[in-house]
Enquirer: 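One structure follows; several queries about it will come next.
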Amino acid sequence: MLSRDLLRERPDEVKARLAGRGVDLELVDRWTTLDAERRSILVEAEALKQQRNEASKRIGEKKRTGADATEEIAAVGALKERIERHDARLGEIDASLQELELKLPNLPDDDVPAGVDESSNRVERVVGTPRAFEFEPRTHWDLGTALGILDFERAAKLAGARFAVYRGAAARLERALAAFMLDLHTVEHGYTELIPPYLTNEASLLASGQLPKFESDLFRLADSPYWLVPTSEVPLVNMHRGEILDETALPLRYTAFTPCFRSEAGSYGRDVRGLIRLHQFQKVELVQITTQETSEAALEEITRHAATVLERLELPYRVVTLSRGDTGFHSAKTHDLEVWLPSQSAYREISSCSNCRDFQARRGDVRYRPAGGGKPKLAHTLNGSGLAVGRTLVAVLENYQQADGSVVVPGPLRPYMGGLERIGPG
RNA sequence: GGAGGGGUGGCUGAGUGGUCUAAGGCAGCGGUCUUGAAAACCGCCGGCCCCGUAAGGGGCUCGUGGGUUCGACUCCCACCCCCUCCGCCA
């Protein structure tokens, strides 16, 4: 959500900054109209309530002293109806205002590139050099199927399209990658590891921004108030929903390795083969809750934390800053990490690191008491994949493949693989 | 799934229709005292919204949402959450 003060005082600036983000700017004008009505009615309602409260106090005094209060009670009865009318209208207006507010995306930072899609993303840096292959590199699904470690046909039997069965070395590699990432982030980067619920409620999804606009991207459990988490960002940023934290406790750094479930509605025809786009995948997530002053630096930090995984694994990647149009609904600024995939001769997203500033904190009422005292301030929240484990497995298979179809295990993962140096057939 | 108990401010905890403008305690902040600290004493001390340049004023807030009433922390209804016991279960 955006600040009401900002919407009220500088609606034109809001509209200018929202342009190109795929929002109907009419929403802002409707908000302005309703807000004006709300305030005029609120002022009247509160004056009426003041009258009622004073009258009730007088009645109470009379009753206590044994005097007759019938006249006073009759007089205050007229107020009651007017107050009810005002409150009813206020209720309607508040609901409409909130509905509008929940649909407005975050404002992009000033240094976010203009543009409506990924073609305007800005490449910040390119790290590592794609390996020169002396043979035609195979896709990970070819490799994995031939090695007998990925089974898409049986996954289709068990569930359907966009699922995979990991078998043997692939399953262990996934587990090794997750353990490697978690160790890095907890031991070296100072994150606290959590195992959150994989089901979540509507209030949490509303606060982190998946609802109400992106319901169709989610899986919802029938006859239940629960949804499957599309990312552990949801539980992690909701950890302190409705709380007032001490500034001295910030930044909070949380990491979690969880499954993620996405309906992928509307992605028909994209990445239909392999592990890139599944209904269920696993991810190590990084979340930080910071002060307002430190979130910009925290975005760079979280991006570096995620990138360290790729560097340790010696996977070539690049960092891009998403354009306005490509930046997600709740983000003010997003850095994507894109890993090199030899079979596609392209960099593909493997991590997305976002500074949501106070957007989620306002929705979820996450605040902190400034160290010097004073009013609570909205926290800033950041999230990043550190990394998408399934896609990292893809990158390892493809970048470390050998001419004979085997795959060399990157050094840092070998301790997690029982010393295994190479994944071969059988 | 069945039965019972309970949700009050950062924490604890009183309160069963009218100074609740929520007692008391703890924690926190300021002060007195002290070489300093502790103790003691005094004062301050929730959040949100609205009007106002400000000083200040008003409204809302005792799990959430409805209801009864001139008036609800208090009574009624629904829901959520927590605890105990039984059942089931990893």
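Everything quoted here is computed from the prediction, not taken from an experiment.
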Enquirer: Checking base pairs now: Watson-Crick or wobble, both atom distances under 3.5 Å. What partners B/rG30?
Expert: B/rC42

Enquirer: Check A/R172 against A/G418 and note the closest heavy-atom contact, atom names and distance.
Expert: NH2-N, 3.4 Å

Enquirer: Applying the Watson-Crick and G-U wobble criteria at under 3.5 Å, what pairs with B/rC75? Answer none if nothing qualifies.
Expert: B/rG67

Enquirer: Establish, from distance only, whether the side-chain atoms of A/S263 and A/D217 form a donor-acceptor pair under 3.5 Å.
Expert: no

Enquirer: Could you walk me through whether A/E233 and A/Q360 pass the side-chain contact (heavy atoms from CB on, under 4.5 Å) check?
Expert: CA-CA 11 Å; A/E233 171 198 343; A/Q360 293 178 322; 2.8 Å; yes

Enquirer: Figure out the CD/C1' separation between A/E46 and B/rC48, and round it to whole Å.
Expert: 11 Å

Enquirer: Let me spell it out: for each of A/A47 and A/R39, pick the nucleotide of RNA chain B with the closest heavy atom. Which residue's pick is nearer the 5' end?
Expert: A/R39

Enquirer: Quote, to the nearest angstrom, the P distance that separates B/rA23 from B/rA78.
Expert: 32 Å

Enquirer: In Watson-Crick or G-U wobble terms, both distances under 3.5 Å, what is the partner of B/rG47?
Expert: B/rC60

Enquirer: Quick one: which of B/rC50, B/rC48, B/rG59 gets closest to the side chain of A/N53?
Expert: B/rG59

Enquirer: How far, in whole Å, is B/rA3 from B/rC79 if one measures between their P atoms?
Expert: 13 Å

Enquirer: For B/rU64 and B/rU19, measure between their C1' atoms and round to the nearest Å.
Expert: 29 Å

Enquirer: Quick one: A/R4 CZ to B/rC48 P, roughly how many Å, whole number?
Expert: 14 Å

Enquirer: With distance as the sole criterion, is a donor-acceptor pair present between the side chains of A/T32 and A/D35 under 3.5 Å?
Expert: no

Enquirer: When you look at A/H240 and A/Y254, which way does the ring-ring contact (aromatic ring centres under 6.0 Å, His included) test go after all the steps?
Expert: CA-CA 12 Å; A/H240 299 283; A/Y254 291 130; 5.7 Å; yes

Enquirer: With a 3.5 angstrom cut-off on both distances, give the Watson-Crick or G-U wobble partner of B/rU19, or none if there isn't one.
Expert: none

Enquirer: When the C1' atoms of B/rU35 and B/rU21 are compared, how many Å lie between them, rounded to an integer?
Expert: 44 Å

Enquirer: State whether A/R58 places a side-chain N or O below 4.0 Å from either non-bridging phosphate oxygen (OP1 or OP2) of B/rU19.
Expert: no

Enquirer: Hey, what's the ring geometry for A/H189 with A/Y191, parallel, tilted or perpendicular (30° and 60° as the breaks)?
Expert: perpendicular

Enquirer: Return yes if a side-chain donor-acceptor contact under 3.5 Å exists between A/S120 and A/S323, otherwise no.
Expert: no

Enquirer: In whole angstrom, give me the gap between the C1' atoms of B/rG56 and B/rG67.
Expert: 37 Å

Enquirer: Does the structure show a Watson-Crick or G-U wobble partner for B/rU84, both distances under 3.5 Å? Name it, or say none.
Expert: B/rA3

Enquirer: May I ask you to say what A/R362 touches in the nucleic acid, namely base, sugar-phosphate or nothing, with a heavy-atom cut-off under 4.0 Å?
Expert: nothing

Enquirer: With rounding to whole Å, what would you report as the distance between B/rG47 and B/rG2 at their C1' atoms?
Expert: 40 Å

Enquirer: Pick the P atom in B/rC45 and in B/rA55, then give their distance to the nearest Å.
Expert: 16 Å

Enquirer: Taking the six-membered ring for Trp, are A/F152 and A/F163 ring centroids under 6.0 Å apart?
Expert: no

Enquirer: Which nucleotide in the list B/rG47, B/rG58, B/rC60 gets nearest to the side chain of A/K49?
Expert: B/rC60

Enquirer: Looking only at side-chain N and O atoms, does A/R369 come under 4.0 Å of OP1 or OP2 in B/rG47?
Expert: yes

Enquirer: With a 4.0 Å cut-off on heavy atoms, is A/R38 in touch with a base, just the backbone sugar-phosphate, or nothing at all?
Expert: sugar-phosphate

Enquirer: Check for me whether the distance between the ring centres of A/H279 and A/F219 falls short of 6.0 Å.
Expert: yes

Enquirer: Using a cut-off of 4.0 Å on non-hydrogen atoms, how would the nucleic acid contact of A/D246 be classed: base, sugar-phosphate, or nothing?
Expert: nothing

Enquirer: With rounding to the closest Å, how many angstrom separate the C1' atoms on B/rU69 and B/rC80?
Expert: 27 Å

Enquirer: For the pair made of CD in A/E44 and C1' in B/rC49, what is the distance, rounded to whole Å?
Expert: 17 Å

Enquirer: A/P376 or A/Q51: which one's nearest nucleotide on RNA chain B is closer to the 5' end?
Expert: A/P376

Enquirer: Strictly under 4.0 angstrom, non-hydrogen atoms only: write out the protein contact profile of nucleotides 65-71 of chain B, one letter per nucleotide from the 5' end, B, S or -.
Expert: ----SBS

